[in-house]
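Computed over heavy atoms, backbone and side chain alike; hydrogens, waters and symmetry mates excluded.
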Amino acid sequence: MSSNNILETPIEFLKGVGPQRAQLLKTELNISNFEELLQHFPFRYVDRSKFYNIAEVIDAVAFIQIKGLIIKTETIGEKRAKRFVATLKDHTGTIELVWFQGLKWVSEFVKAGQQYVAFGKPTDFKGKFSFSHPEIELYEHYIQLGTDGLHGIYSSTERLKNYGLDSKGILKIMRLLLNQLEGQLTEFLPLSLVQENNFVARELAWKNIHIPANANDLKEAEFRLKFEELFIIQMRLLKIKTKRNLSYKGMVFEKVGAHFNKFYNEYLPYQLTGAQKRVIKEIRGDMGSGKQMNRLLQGDVGSGKTVVAMICMLIALDNDYQSCLMAPTEILANQHYTTINELLKDMPVKVGLLTGSTGKKQRAVLFEALLNGDLHLLIGTHALIEEKVQFKNLGFVVIDEQHRFGVEQRSKLWSKSQQYVPHVLVMTATPIPRTLAMTVYGDLDISIIDELPPGRKPILTVHRFDDKRLDVYEFIRGQIALGRQAYIVYPLIEESEKLDYKNLEEGYDMVLYQFPIPQYQISIVHGKMKAKTKDWEMQRFVNGTTQIMVATTVIEVGVNVPNASIMLIESVERFGLSQLHQLRGRVGRGAEQSYCILMSSHKLSKEARLRIDTMVRTNDGFEIAEVDLKLRGPGNIEGTQQSGLVDLKLTNIAQDQEIIELARNAAYYFIEKDPDLQLPEHAQLLQHLRQNSKSKSNWSRIS
Ligand code: ADP
Ligand code: MG
């Protein structure tokens, strides 16, 4: 491609578009240049070679095309019921085509006595089929485009249609664009890659994705263009990674010294699982390597990530570096603080806590101790990234529950130590399918704890309809009699917050009624409470004063009360899968059998049904994440929104896993072989990446 990139040409300069339609394309479809038009892919293809007989038309078929003679047209009805009806006839029967809008245009265009092709979805009205708002074309025009081949259908809008840019109109300008780009969409993938994978030529791929002659051409075009899309992302991510490795020297933690050994041999209250040991080894490897660590630690709820983080902090301390641990909520920060102090007992390690509620005086003391190095570990919330927080020598940063933090917040912590960038460990309990992780966290190394501490009984999960509520309460009373505690969780989503709070209050009243004082004590926690009250209520549950905790999803993340063995989730149909999995992870932390009860009404959508069935079937977070990805698509998986990297136009992360791996491996190969793409055979690739990154990322800046 030439260096003044033709793809960036404003769309109004395309023949047949002009300023007015250009403006519309911009506002309606966000298409402002050649490239964006090119990337407006058909959302469906019709087989132009196949016509249905009118007699064959049934409701079940989706979009079909028929052809025939218009034998009659009429405009009938008044006002909003006013419509244009044309009767189309072939050798098997007749069918009505109906329009409620654009009557002027359609009544001029559709004339009795002429042959047409109509395309659309038949609808059944009182046993009689008709097409409402079909796409329609004169048969003689239709065959001029050829009847063999697939016909791309593009999304459009009412306004665009009024300006002739319905699907057909878009196809028309697409053809003009493809003509104009002839000879310009040159190859940039290295030849070896093209040959190895049998990729079709780039220009042909772009043509065939819009105007495929047959299904095979389309398949090949898709394969190549998806690869292209993913390969560029992977190159970008790996470039960021290698760049980081080159420009930031990692502090070398070579000693595994007194603190680590003492803790490991004398204080650790249990045996680490094999997975925990493996992960600690991986982290140690990074820390000692001279590279700056950027590692994502994935581990299901309850897999024991906290102790892993803490042990690694001790390694930092053995090398005279400070560490910090950042949690997404105050409750969690407090809990980590408590847990870590309990684990360390009387070891000579100074741990501090910094949250939004840390008072001024305390802060001053903390800040001083941080600066002079008296404080070894700092645990806290977002408060940690404030400018005022300065360390003497921060060497290791742990971020818990990654999905609450964006990449930017991560890097804010880096700038805290002047000379070096500390090692960073990001922990998440929301497992992410491998291919998604490759795409979203492709710049991080990944460790996985795929084993739960021994002795855990799998949580039993059941689904109950609302009318079994009294039985469920009876069951809970039985468990409480055995000394257990229970969570009862209500949904709370912003859009219907008012109603949700009402439900919570009513639910709370119901629980109070079913579990009367003084035999039972109940805590309630929700987002509208003051932090102090919340903590107090929480504390009462943690220390066993209360047996039941009524809450909204604020308890979703991280809270650890091993004696709680029941998780009752109300209106389960309103929760997402990953949220349900997180909630369930609040129980099953002690030695007792735990239960998760999913309550719903009888009215369940197909998806809600699938979510519930998945929860009942498996406790495996990775399996659940896969289902979640398929159900909701990558954009909705927590942690991906802020990354901005999953802006994929063609690839479906859930379905195209093989291509993702292919692209990842290819990118690895080239970055390793030729990190700066200086070899002559990579010149085009380098140029393409630079060009491609101008708007979207910072390849040009980092290379
Ligand atoms: P998460 O990975 O969800 O953050 P935690 O770190 O909170 O999990 O650990 C969950 C529970 O498991 C804690 O009570 C912790 O003490 C316990 N635990 C962690 N590792 C082990 C182990 N190897 N053996 C037994 N219990 C463990
Ligand atoms: Mg945790």
Side-chain angles (χ1 to χ4, degrees), residues 1-2 4-46 48 65 99 101-111 114 116-120 133-186 201-213 217-218 221 225 649-650 691 695:
M1 223 178 297
S2 57
N4 55 348
N5 191 350
I6 186 168
L7 289 176
E8 285 168 14
T9 313
I11 198 70
E12 62 185 282
F13 296 120
L14 180 63
K15 245 189 302 171
V17 174
Q20 196 175 30
R21 295 218 272 175
Q23 190 53 43
L24 269 177
L25 281 167
K26 170 90 188 120
T27 49
E28 297 289 298
L29 294 177
N30 219 358
I31 293 174
S32 56
N33 63 25
F34 284 9
E35 180 170 33
E36 283 160 3
L37 179 60
L38 207 54
Q39 290 183 342
H40 188 59
F41 298 108
F43 63 91
R44 187 164 15 86
Y45 298 84
V46 201
R48 289 172 65 93
Q65 60 179 6
W99 285 265
Q101 277 155 7
L103 299 193
K104 185 166 174 288
W105 172 80
V106 77
S107 61
E108 278 166 19
F109 182 69
V110 180
K111 298 270 190 237
Q114 298 204 61
Y116 289 86
V117 174
F119 168 77
H133 283 258
E135 300 224 356
I136 187 141
E137 207 170 334
L138 274 169
Y139 182 65
E140 60 175 282
H141 289 170
Y142 181 89
I143 47 171
Q144 278 164 14
L145 294 174
T147 51
D148 56 341
L150 300 174
H151 183 90
I153 306 297
Y154 296 89
S155 59
S156 178
T157 66
E158 278 308 317
R159 289 185 67 201
L160 280 169
K161 281 176 192 165
N162 290 336
Y163 284 82
L165 289 177
D166 55 357
S167 170
K168 238 175 10 186
I170 291 175
L171 181 61
K172 213 159 144 190
I173 58 171
M174 198 66 81
R175 283 174 187 280
L176 292 171
L177 176 62
L178 287 164
N179 278 339
Q180 192 156 340
L181 290 177
E182 212 172 287
Q184 305 275 354
L185 296 168
T186 46
R202 181 149 177 258
E203 184 167 307
L204 189 62
W206 279 108
K207 183 176 161 280
N208 283 348
I209 196 114
H210 289 289
I211 315 163
D217 283 4
L218 175 61
L225 295 178
K649 300 236 160 27
L650 208 52
Q691 224 154 44
S695 48

**Prompt:** Between Glu203 and Gly183, is there a donor-acceptor pair closer than 3.5 Å when you use the side chain of the first and the backbone of the second?
**Reply:** yes

**Request:** Go through the steps to decide whether Phe34 and Gln184 satisfy the test side-chain contact (heavy atoms from CB on, under 4.5 Å), and finish with yes or no.
**Result:** CA-CA 12 Å; Phe34 284 9; Gln184 305 275 354; over 6 Å; no

**Message:** Using every non-hydrogen atom in the two residues, find where Lys161 and Ser156 come nearest and quote the distance to one decimal.
**Reply:** CG-OG, 4.0 Å

**Item:** Heavy-atom closest pair, residues Gln180 and Lys15
**Value:** OE1-N, 4.2 Å

**Message:** I need the Leu24 CG to Asn162 CG distance, nearest 0.5 Å.
**Reply:** 9.0 Å

**Item:** Backbone of Ile209 reached by a side-chain donor or acceptor of Tyr45 within 3.5 Å
**Value:** yes

**Value rounded to 0.5 Å, distance of CD in Glu28 from OG1 in Thr157** = 3.5 Å

**Asked** Can you tell if the side chain of Ile173 reaches within under 4.5 Å of the side chain of Leu25, non-hydrogen atoms only?
**Response** yes

**Prompt:** Which residues pass the side-chain hydrogen bond (donor to acceptor under 3.5 Å, both in side chains) test with Ser32, sequence neighbours left out?
**Reply:** Glu36

**Asked** Are any non-hydrogen side-chain atoms of Tyr116 and Leu138 less than 4.5 angstrom apart?
**Response** yes

**Fill in**
From the list Ile211, Leu14, Leu37, Asn179, side chain to side chain contact (heavy atoms under 4.5 Å, CB included) with Met174 holds only for Leu37

**Fill in**
Note: His210 and Leu38 closest approach over all heavy atoms is NE2-O, 2.8 Å

**Item:** Pairwise side-chain contact, Trp206 with Leu181, heavy-atom cut-off 4.5 Å (strictly under)
**Value:** no

**Fill in**
Value for CG (Leu177) from NE2 (His40), rounded to nearest 0.5 Å, stands at 12.5 Å

**Asked** If we only count heavy atoms from C-beta on, is the Gln101 to Trp99 side-chain gap below 4.5 Å?
**Response** no

**Asked** Mind checking whether Pro42 and His151 have side chains closer than 4.5 Å, heavy atoms only?
**Response** no

**Separation of Trp105 CH2 from Leu103 CG (nearest 0.5 Å)** = 11.5 Å

**Rounded distance (nearest 0.5 Å) linking atom CG of Leu225 with atom CZ of Phe41** = 6.0 Å

**Prompt:** Under a 4.5 Å cut-off applied to non-hydrogen side-chain atoms, are Leu7 and Leu185 in contact?
**Reply:** yes

Could you tabulate the donor-acceptor pairs under 3.5 Å formed by side-chain atoms of residues 163-172, not counting sequence neighbours?
unit_1: Asp166; atom_1: OD1; unit_2: Lys168; atom_2: N; d: 3.4
unit_1: Asp166; atom_1: OD1; unit_2: Gly169; atom_2: N; d: 2.8
unit_1: Ser167; atom_1: OG; unit_2: Tyr154; atom_2: N; d: 3.0
unit_1: Lys168; atom_1: NZ; unit_2: Ile136; atom_2: O; d: 2.8

